[in-house]
Amino acid sequence: MLRSALRLHRAIATPLASSFRPAARLHTVPPLPYTVEAGVSPLLSPTALKVIYADHLAGLVDRVNELIAGTQYEDKAFYEVLMDSARSLNELQLFNNASQAWNNDFFLRSLSSTPGKMSDALAKRIADCFGSVEVFRREFTTNALGLFGSGWTWLVEDRDGRLVLLNTYNAGSPHHRRRMQRHDETATNSDLVSQAQNPYSGVSRYSAPAKQMANNSYTPILCISMWEHAYLTDYGVTREGRQKYVETFFKTVDWSVVEGRVFRAGGF
Amino acid sequence: MTYSPRAILRVSQKQAPHTWMRATQIGLYSTGKGSGAGDDDDDDDDILDAMLAGVEDDFAVAKPSSPVTPKLSELSPSPIKSEASYTSANLDTPASSDAPASSDAPASSNAPVREETDVLEPAFTPKPVDIEKRLKALLPEFMSYGGQLVRKPKSTSKSNPSSHSLTIAELLAAGLHLGHSTCLWNVASMPFIFGIRDGISIINLEHTLTHLRRACNVTKVVARQGGIILFIGTRDGMEYVTIDAAKSCNAYYVSTKWCPGTITNAQQIIGPHTPRQPDARPGDLPKPFRPDLIIVLNPMENMNAIKEATRFNIPTIGITDTNADPRIVSYPIPGNDDSVRGVELVANVLAEAAKEGDALAVEVSKRQSRQMIEERVDRMKAVMSGRQ
């Protein structure tokens with residue numbers, strides 16, 4: 001009994017003061033290609049962008065710094081922290097904060113006030129996987145509007161190079177198969193196959209398949225934030241407001257950035 | 001009497017009680033239309049059928065052909081048009097619905113109206129993606145998202161001394177000359193002892209400096225060849241000394257207990273943590289590597305590590321105090337292993353030497369690639385001039 005108490009004390013003991021250690025470096029919020037005061041027109045006004053970037057994202061990064069202090073995640077790059085905490089079985093709080101920060105940054109840096117147009121190659125690639133770009137827009141919109149709650153709608157690429165849609169709830173991330181948080185417990189049907197029949201759900205036939213193959217994580221290409229704080233300021237929470245938000249998103253996406261992420265297989 | 005599945009079951013169970021029958025044959029699970037065929041319990045089934053008559057109507061879901069949100073009229077086609085094109089597409093081009101992947105190009109040229117409908121199958125041929133290449137291409141971008149580590153300001157981090165610029169005064173200041181008490185001395189360390197004072201042996205710092213320079217040369221050469229360097233420092237207050245020294249030169253470290261068998265029994269101890277080789281065939285075990293150089297900061301407490309290294313002909317560098325036999329390691333550095341400042345100085349100097357070796361290796365590889373490019377250019381020029 002005494003021995004186990006001693007062992008526990010040793011495990012949580014802080015390093016001795018005699019060993020000098022230079023302070024570990026902290027993470028900061030990375031800069032955006034546009035200023036916060038300008039906002040991203042037409043999608044986000046300066047107030048909304050301040051809410052997402054200066055308040056929410058900064059708070060997440062601060063929390064990540066707090067959580068990694070003194071652990072093995074110190075001094076590691078942010079993406080490393082994200083993937084390592086995804087793989088560990090315990091670090092849920094750290095993963096949630098890190099994933100939400102990553103997703104937010106990924107989302108904000110895909111936007112631009114002067115977005116680049118979709119190139120023909122990218123349009124062909126999307127048309128190969130969805131049928132046409134219009135179908136892709138419609139399905140993306142349906143998926144995004146069908147996400148009940150807070151989450152993200154992603155366009156991801158799987159191991160075969162196929163572009164599929166993915167809804168992740170809360171802080172789910174497509175990087176790790178166990179952390180995608182895809183399951184909407186408010187759905188009427190529990191399996192994705194019958195959800196796909198229902199156009200009001202967040203799942204369609206262009207969504208990623210329900211059965212997770214081993215080692216199947218996806219490569220994110222594009223995402224939209226369906227967290228309320230993103231669209232509340234400018235669009236409100238009405239049904240029409242959310243629709244307008246997703247519509248405006250398509251006008252604000254910088255397709256040249258998106259094209260840089262899609263894998264250029266032989267025929268691209 | 002009809003031989004229903006249930007009758008067969010009763011008979012077969014009497015004859016061979018351990019015969020497995022497919023659950024669908026017995027009729028335990030309904031298989032859709034065929035399950036109710038040929039039952040002799042027709043009464044029960046009639047009642048069930050009556051109860052379940054209108055089930056499909058209750059659970060009707062919205063059909064995908066109707067638009068989801070009427071306000072998105074600019075994005076989706078009008079319902080009538082899509083339905084008409086759906087039916088017309090079905091009637092006109094029955095063949096193209098058979099093989100969607102291959103026939104999409106001719107189908108789209110035949111019926112341009114079809115592009116508006118849901119019936120158009122995406123012509124996607126899955127090509128396996130080279131994951132390594134893909135991740136390598138995307139990783140810089142993905143690493144920049146989320147958060148960025150603040151850069152270390154160069155001025156505040158003290159630069160490590162190199163062995164060429166070290167003076168004996170610095171070694172003295174770090175306390176490397178203080179050996180153990182005279183009653184604990186090891187006879188084999190006599191060549192390195194300067195004398196005795198206050199009951200402890202004083203180590204000759206000239207020998208310390210000489211041996212430290214030799215050890216730095218060894219480290220530099222090993223790093224230049226791309227060898228694996230391992231720092232072992234297991235004392236309580238010296239974890240960060242080991243960790244920082246190792247991390248600064250991309251080396252490995254052991255800062256807590258050295259697990260006996262890490263080298264001799266590598267498959268069991270490191271094997272579970274080792275990834276398999278990229279060209280491994282199924283059934284191949286992962287191959288753990290052995291270090292090419294081991295730097296031990298407290299050899300008296302890590303005799304297991306030193307013995308394992310000796311067994312596998314791995315050169316070792318160690319800070320040997322006056323109570324240690326300097327012959328146990330390949331390149332002893334006579335010095336005080338108790339003082340944290342002293343050990344930190346030695347570890348940093350060795351790490352600096354390893355960094356120099358890395359820089360040399362980079363230079364050499366740059367020179368080699370430049371040579372290769374020049375050779376290729378010369379060859380191309382020769383070909384061009386030959387053609388002319």
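Any value given below was found using the heavy atoms of this structure, including those in side chains, with hydrogens, waters and symmetry copies removed. A quick note: this is a predicted structure, and the numbers were derived from the prediction, not measured. Each chain gets a letter, A, B and so on, in the order the sequences are listed, and its residues count up from 1.
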> If you look at every heavy atom in A/Asp75 and B/Leu149, which pair is closest and at what distance?
Replying inline: O-CD1, 3.8 Å
> Counting heavy-atom pairs under 4.5 Å to chain B, which of A/Thr28, A/Val61, A/Leu57 comes out on top?
Replying inline: A/Thr28
> Non-hydrogen atoms of chain B under 4.5 Å away: do they reach the side chain of A/Ser99, the backbone, both or neither?
Replying inline: neither
> Which heavy-atom pair separates B/Gly146 from A/Pro30 by the least distance, and what is that distance?
Replying inline: O-CD, 3.5 Å
>> Does A/Lys244, at its NZ atom, have more than 12 non-hydrogen atoms belonging to other residues, nucleotides or ligands within less than 6.0 Å?
In response: no
> Which atom pair, heavy atoms only, marks the closest approach of B/Tyr145 to A/Phe78?
Replying inline: O-CD2, 3.9 Å
> Could you give the distance from CD (B/Glu141) to CZ (A/Phe106), rounded to the nearest 0.5 Å?
Replying inline: 6.5 Å
